[in-house]
Amino acid sequence: MSALTIAYALLFYAATGILVFGVGWRCWVYARTPQPLKIPIPPAPTTRGGVALRMLLEVTLFRTLFRSNKWIWLFGWTFHAALLLVLLRHLRYFTEPVWFWVDLVQPFGLYAAFAMLAGLGGLWARRFLVDRVRYITSPSDHLMLALLAAIAASGLAMKYVAHTDIVALKAFFLGLMAFDWRPLPADPVLLAHLALVAALMIVFPVSKLLHAPGVFFSPSFNQVDDARERRHTAGWSAQIVRGR
Ligand code: HEM
């Protein structure tokens, strides 16, 4: 077993642990944070089913972003939809036999790689070209965009420029999941792609990318607009009511 294989195997175990426990811990903190006030963005649903529908439209269509800014919506939605297809396409490296719908997704996942880069390019350009946005842009905003763009670019480079041994790569990842390690191909572009992916997994729980799970905990989206029907008690307000 080469030192390279051992290093990447350990790297991916660590990155997976950090991602899973980090995001799980963050969600636990979000879930326990009191929501003392009723603050759903109006017009808001008055039933729980309505809230579920609102959340569904928000996370699939980015509805509020669409209403507020069509350009950011176009680039943002394109990037996220493309990322989803790319990730679904990648499932073939982690499943044996490959599920039939993962086979069907393959060509779309490839086009999506270009759409993903285009979306990222638009979102990044805005951080340079729009004065108001440039003013509030921090280095970490650039870092996240750079990381995602570099992952997509190295992935496309493997597809079109410097091929790797996908059969051996798949054996490596299936082996990792079964704790039966197999050698990792030592192609530089693959090693770069994987190191960037591991970096993304590691920074995810301490980055702005937490907006993905975070949206589900946002009181302005997940609250029912029933303040006139029931008394809202949460966190300190619940303690005050109990203490009376
Ligand atoms: C451990 C996880 C990953 C592995 C093993 C992996 C592996 C690969 C391989 C082997 C390719 C080349 C495909 C080909 O030649 O047909 C590729 C392409 C690509 N990867 Fe990854 N990748 C991983 C994670 C990611 C992630 C998290 C992203 C996005 C954030 C990503 C984005 C891309 C893109 C955009 C392409 C080009 C399009 C394509 O061929 O699907 N990869 N990846």
Side-chain angles (χ1 to χ4, degrees), residues 12-69 72-73 75-77 79-81 83-84 87 119-120 123 126-127 132-148 151 197-244:
F12 269 91
Y13 283 138
T16 307
I18 291 170
L19 179 71
V20 172
F21 287 104
V23 173
W25 177 70
R26 286 289 194 156
C27 287
W28 190 72
V29 171
Y30 290 156
R32 284 168 40 95
T33 302
Q35 301 185 355
L37 302 175
K38 268 279 176 187
I39 50 168
I41 300 172
T46 53
T47 60
R48 294 212 61 77
V51 166
L53 182 66
R54 173 188 225 184
M55 195 61 97
L56 186 73
L57 290 174
E58 193 56 37
V59 300
T60 52
L61 301 177
F62 299 8
R63 191 166 60 157
T64 39
L65 182 58
F66 182 77
R67 286 177 182 156
S68 62
N69 187 316
I72 308 181
W73 178 84
F75 291 126
W77 190 85
F79 161 68
H80 285 88
L83 175 65
L84 177 66
L87 293 178
L120 283 171
L123 292 171
R126 150 182 175 267
R127 293 202 174 269
R132 217 163 33 89
V133 179
R134 189 174 58 233
Y135 184 68
I136 56 164
T137 294
S138 66
S140 84
D141 294 315
H142 290 299
L143 179 72
M144 291 305 134
L145 287 159
L147 200 50
L148 287 161
I151 292 175
V197 169
L200 184 72
M201 294 164 76
I202 290 167
V203 297
F204 196 100
V206 289
S207 77
K208 62 187 261 183
L209 303 181
L210 279 168
H211 67 268
V215 66
F216 295 98
F217 298 93
S218 164
S220 46
F221 285 117
N222 71 13
Q223 288 187 344
V224 182
D225 186 10
D226 58 0
R228 287 158 301 277
E229 286 76 35
R230 332 161 169 261
R231 184 184 174 85
H232 176 70
T233 54
W236 55 263
S237 66
Q239 281 160 21
I240 289 170
V241 170
R242 272 201 303 274
R244 270 228 227 125

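None of the values given here were measured: they were computed from a predicted structure.
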| task | May I have all residue pairs that pass side chain to side chain donor-acceptor pair (under 3.5 Å) and include part of residues 57-67, sequence neighbours excluded? | result | Glu58-Thr64
| message | List the residues meeting side-chain contact (heavy atoms from CB on, under 4.5 Å) with Phe75, not counting sequence neighbours, and say none if there are none. | response | Trp71, Leu123
| message | Do Val59 and Phe216 make a side-chain contact, defined as non-hydrogen atoms from C-beta onward lying under 4.5 Å apart? | response | yes
| What is the distance from atom CD of Gln35 to atom CD of Gln223, rounded to the nearest 0.5 Å? | 5.0 Å
| field | Set of side-chain contact (heavy atoms from CB on, under 4.5 Å) partners for Ala44, sequence neighbours left out | value | Pro40, Arg54, Asp225
| query | What are the two closest non-hydrogen atoms of Ala15 and Ala198, and how far apart are they? | reply | CB-O, 4.0 Å
Output side-chain donor-acceptor pairs under 3.5 Å for residues 18-31, partner residues at least two apart or in another chain, one line each.
| from | atom 1 | to | atom 2 | distance (Å) |
| --- | --- | --- | --- | --- |
| Arg26 | NE | Pro205 | O | 3.0 |
| Arg26 | NH2 | Pro205 | O | 3.4 |

| task | Using a 4.5 Å cut-off on heavy atoms from C-beta on, say whether the side chain of Val215 contacts that of Phe221. | result | yes
| task | Any side chain to side chain donor-acceptor pair (under 3.5 Å) involving residues 40-50? Give me the pairs, sequence neighbours left out, ordered by first then second residue. | result | none
| field | Backbone N/O of Ile72 and side chain of Asn69: donor-acceptor pair under 3.5 Å | value | yes
| message | Take a 6.0 Å sphere around CH2 of Trp77 and say whether it holds more than 12 heavy atoms from other residues, nucleotides or ligands. | response | no
| field | Residues in side-chain contact (heavy atoms from CB on, under 4.5 Å) contact with Leu148, at least two apart in sequence or another chain | value | Phe79, Leu120, Leu200
| Checking Trp73 side chain against Ser68 main chain: does a donor-acceptor pair fall under 3.5 Å? | no
| note | When every non-hydrogen atom of Phe217 is compared with those of Pro213, the smallest separation belongs to CD1-O, 3.3 Å
| Is the backbone N or O of Arg231 less than 3.5 Å from a side-chain atom of Lys38, with the two atoms forming a donor-acceptor pair by type? | no
| task | Please determine which of Arg127, Arg132, Arg126, His142 meets the side chain to side chain donor-acceptor pair (under 3.5 Å) test together with Thr137. | result | Arg127
| message | With a 4.5 Å cut-off on side-chain heavy atoms, are Leu147 and Val203 touching? | response | yes
